[in-house]
There are 2 protein chains.
Amino acid sequence: MHFEELIKAIKERREMLKVTQEGLAELSGVGLRTIKQFESGKGNPTLQTLQKIADLLGLELTLKLKNIAPDK
Amino acid sequence: MHFEELIKAIKERREMLKVTQEGLAELSGVGLRTIKQFESGKGNPTLQTLQKIADLLGLELTLKLKNIAPDK
DNA sequence: TAAAAAAGAGCCATAAAATGCACTTTGAAG
DNA sequence: CTTCAAAGTGCATTTTATGGCTCTTTTTTA
């Protein structure tokens with residue numbers, strides 16, 4: 001997932017849970033400003049920040065092997 | 001995946017590919033110091049840094065739904 | 001076990017992330 | 001159209017990640 005996809009996934013998940021940016025900020029312990037920046041695509045959050053947010057939304061950050069051109 | 005698991009996954013992948021921290025640094029464009037810190041558990045890399053590293057190792061960062069106590 | 005390579009750590013300067021506050025824009029409900 | 005809540009933006013400050021150098025420790029290998 002590229003940057004934009006990660007953002008989109010988080011934003012959608014937040015909205016699905018009917019949580020506002022403000023709510024997310026309070027509950028996750030991440031500053032509101034930071035969340036705003038991130039969701040509006042202007043941020044480059046640290047892993048810690050990302051994890052706090054994902055955690056609260058019931059999402060998990062994982063690393064998986066990329067499919068490099070699976071031959072056919 | 002928690003912090004330590006992410007680190008472990010990256011480190012293992014790097015070693016599997018027989019790339020040194022130095023090689024990874026050069027190839028990924030991330031500073032050697034940053035990689036050393038990260039792999040030794042002392043870092044809190046930005047998403048961008050993490051992606052550069054993962055990319056080069058053929059790994060992809062993804063967000064997936066956490067399994068919150070799947071009832072049996 | 002000695003030499004060489006790789007990994008870890010300290011110091012430091014610079015760039016950038018995190019965050020609060022106040023203000024603007026957008027969007028949805030009436 | 002008006003209102004109100006949520007989202008986005010500018011600015012300033014503090015904290016911290018990045019990354020170069022150098023040195024130490026650990027690991028590999030000959």
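So that the names make sense, note that chain A is the first sequence line, chain B the second, and so on, each numbered from 1.
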Closest non-hydrogen atom pair, B/Gly23 against B/Val19: C-CG1, 3.8 Å

Of residues 7-14 of chain A, the positions that come close to DNA chain D - non-hydrogen atoms, cut-off under 4.0 Å: A/Lys11, A/Arg14

Donor-acceptor pair, side chain of A/Glu5 and main chain of A/His2, under 3.5 angstrom: yes

Spatial distance of atom CG (B/Leu56) from atom CD (B/Glu26) [nearest 0.5 Å]: 11.0 Å

Exercise: do A/Thr46 and B/Thr46 side chains pair donor with acceptor under 3.5 Å: no

Boundaries of the chain A footprint along DNA chain C (any atom under 4.0 Å from a heavy atom): C/dA17 to C/dC21

Reading 5' to 3' through nucleotides 15-23 of chain D, protein heavy-atom contacts under 4.0 Å coded B for base, S for sugar-phosphate only, - for none: --SBBBB--

Distance, rounded to the nearest Å, where A/Ile35 contributes CD1 and D/dT9 contributes P: 16 Å

Any A/Leu24 side-chain heavy atom under 4.5 Å of A/Val30 side chain: no

No-hydrogen, no-angle side-chain donor-acceptor test under 3.5 Å, A/Gln21 and A/Lys36: yes

Distance, nearest 0.5 Å, that separates CD of A/Glu12 from CG of A/Leu59: 11.0 Å

Nucleotide D/dG8, atom P - distance to CZ of A/Phe38 in whole Å: 12 Å

A/Leu63 and B/Met1, any side-chain heavy atoms less than 4.5 Å apart: yes

Value rounded to 0.5 Å, distance of CD1 in A/Ile7 from CZ in A/Phe38: 5.0 Å

A/Gly31 to A/Ala25 - nearest heavy-atom pair and separation: C-CB, 4.2 Å

